[in-house]
Amino acid sequence: MSDQDQILVKVREAFKTAFDVDPQLVTMDTTYSDIAAWDSTGHLSLAATLEEVFGISLDVDELNEMESVRDIVRIITPKLSKKVQSDSRC
Amino acid sequence: MTAAAEWNFAGRLVKRLGPNSCLIDAATGQTVSPADLPRLIPAIGTALLRAGLRKGDRVLIGCSLSPASALVYLGAMYAGLVVVPVEDRGLAASVAALVEATGARAVWTEAGLHGKGIDLGSVLSLEGNLAEDVAAIMPPAPCEESDLAALMATSGSTGVPRFVMVSHGNLIANTEAIIRSQLLTNDERAMLILPLNYCFGASVMHTHLYQGGSVIFDRRFMFPDKVLHAIAQFGCTTFAGVPTAYNVLLRRSNMRRIAMPTLRRFLQAGGALGRERISEMRSAFPTIRFYVMYGQTEATARISCMEPERWDEKLGSVGRPLDNLTVRIVDEEGNDLPAGQVGELVVKGPSICSGYLGDPEETRGIFCNGCLRTRDLAHRDEEGYLWIVGRKGAFVKMRGIRVSLAEVTAKVTAIPGVYECAARAVDHPEAGEALVLFIVPDEGARIVAEEIRRELPVHWTLDSVHLVSELPKTSSGKIALSSVSA
């Protein structure tokens with residue numbers, strides 16, 4: 001399984017936690033228009049879940065860019081590689 | 001009194017539309033033009049009557065932030081039907097109960113309910129664009145002032161649906177008073193991120209169209225920068241939000257970097273926004289007028305308005321009553337209290353609704369002799385400005401002293417490092433009751449429960465402090481206290 005696939009699995013779980021949707025229905029092409037619960041409150045809940053699941057923090061610009069699963073994976077991927085580097089330094 | 005077309009609220013609104021009146025979906029740019037709007041509303045009304053509905057019939061309208069649901073809402077009202085705006089999201093699951101509770105004869109949704117396994121029996125299921133014949137414009141249905149125009153679900157945090165009966169006369173009186181209080185002109189453009197099934201959202205649409213302006217709908221407030229860019233793109237003059245919306249703007253947006261040269265006013269209602277947050281908004285946008293309003297669904301929408309000129313002296317007040325309302329502050333026996341003393345806020349005037357649908361007992365307790373008992377506790381200062389201090393029943397009694405939960409949240413929110421707070425009371429073996437606090441810290445702030453304890457009055461007993469990243473909110477953005485749990 002590629003790194004991206006592994007990230008997608010965790011993102012799907014975050015969607016289940018935040019929006020109570022079937023993770024199998026969440027694909028890279030899923031956008032905010034596809035999920036009724038993805039409103040302003042839902043978005044913050046999703047962000048909090050992603051931060052917890054991946055151990056990262058998302059800034060204002062990133063929150064404003066997370067319109068789809070593809071965007072989320074794009075934003076999270078470099079953060080994880082930075083995290084691995086800093087973790088391995090410890 | 002004779003039924004006359006001029007009491008039809010939507011009829012009046014259509015008559016007042018002008019060359020600046022349009023509806024725009026910000027996400028797609030789809031626009032209902034000033035030429036089409038006054039024809040589409042009556043055309044939709046005609047289509048609803050042709051579908052078999054009669055004056056006074058109730059229509060559930062699944063509302064999303066789009067011109068389509070706004071058109072059906074206004075078209076139904078124009079035709080003399082009673083609109084029941086409800087949240088479109090999750091409607092499939094709740095539609096049967098809503099039909100039962102409201103006696104609706106039809107349900108309209110933008111996408112339709114077919115294929116969702118719903119059996120509505122004899123109730124009409126309508127969808128999409130209903131306007132077939134825009135050439136034959138019918139006049140508005142004759143209405144009496146007291147005729148029912150809408151059933152509005154109360155947006156409380158308990159989750160139990162209850163419908164307030166709103167008349168055409170209520171809507172006209174409240175809309176006109178709000179327009180006067182906000183000095184709206186005929187070139188206004190409202191950015192609407194609040195749904196029409198919430199009375200604050202509906203009132204923003206009513207006032208702007210009634211005054212000949214426009215409404216821009218934007219369902220993308222999860223990406224606040226998009227909404228701020230849309231304000232600039234569509235030349236919006238008004239932004240309306242509940243406290244959560246302002247907290248999101250202050251914390252989760254680049255509002256200080258996005259130019260919004262056309263914006264004239266911020267409207268805030270739907271609960272108390274922290275004084276510090278109001279000051280932050282005002283210092284970030286010194287030239288944009290910041291209005292705080294107080295209201296209830298039972299009073300159609302708005303009751304008072306705090307004009308921006310007096311902020312420096314009146315920070316924390318909800319302003320003065322609208323000019324067609326009389327407000328009293330009364331004690332438990334209903335006696336008037338002098339300035340400065342706290343009592344229940346009671347309102348009288350033409351925008352006070354007639355009661356709750358199918359609930360005469362609750363109606364008798366809240367609405368009496370044309371007055372609304374708001375259950376909010378407030379005092380009035382010498383100049384007539386109202387200061388809400390809490391909600392009847394929303395108290396915690398610690399060591400024999402009653403403290404309102406509103407006072408608790410205001411004090412905690414004022415502590416440096418605290419961004420947002422919710423409080424609730426729990427039983428306590430020594431103090432009788434104690435406080436449970438849910439705190440959203442400021443970005444990067446480290447909050448220690450002991451520090452919070454030190455900042456609070458000594459007689460307050462703290463059971464626990466929970467640090468959370470977000471407080472749960474209702475669909476209109478209010479804090480859902482019932483969902484706050486440790």
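The basis for the numbers below is simple: all heavy atoms, side chains too, and nothing from hydrogens, waters or symmetry mates. Throughout, a chain's letter reflects where its sequence line sits, starting with A, and its residues are numbered from 1. Everything numeric here is computed off the predicted structure, so don't read it as measured data.
Of all residues spanning residues 25-36 of chain A, those with a heavy atom less than 4.5 Å away from chain B's heavy atoms are A/Tyr32, A/Ala36, arranged by number.
B/Arg252 CZ to A/Glu62 CD: the interatomic distance, rounded to the nearest 0.5 Å, is 12.0 Å. Rounding to the nearest 0.5 Å places CD of B/Glu443 at 8.5 Å from OG of A/Ser57. Interatomic distance, B/Asp225 CG to A/Asp61 CG, rounded to the nearest 0.5 Å: 7.0 Å. A distance of 7.5 Å separates CE in A/Met66 from CZ in B/Phe223, rounded to the nearest 0.5 Å.
Heavy atoms from other residues, nucleotides or ligands lying under 6.0 Å from CG of A/Asp20 number 12 at most.
Residues B/Met222 and A/His43 come closest through the heavy atom pair O-CD2, 3.0 Å.
Between the side chains of B/Asn254 and A/Asn64, no donor-acceptor pair is found at a separation under 3.5 Å.
B/Arg89 has a carboxylate O that lies under 4.0 Å from a charged side-chain N of A/Asp39, or vice versa, which qualifies the two as a salt bridge.
With a 4.5 angstrom heavy-atom cutoff, A/Glu67 touches chain B via backbone and side-chain atoms both. Looking at B/Arg220, only its side chain comes within 4.5 Å of chain A, counting heavy atoms on both sides.
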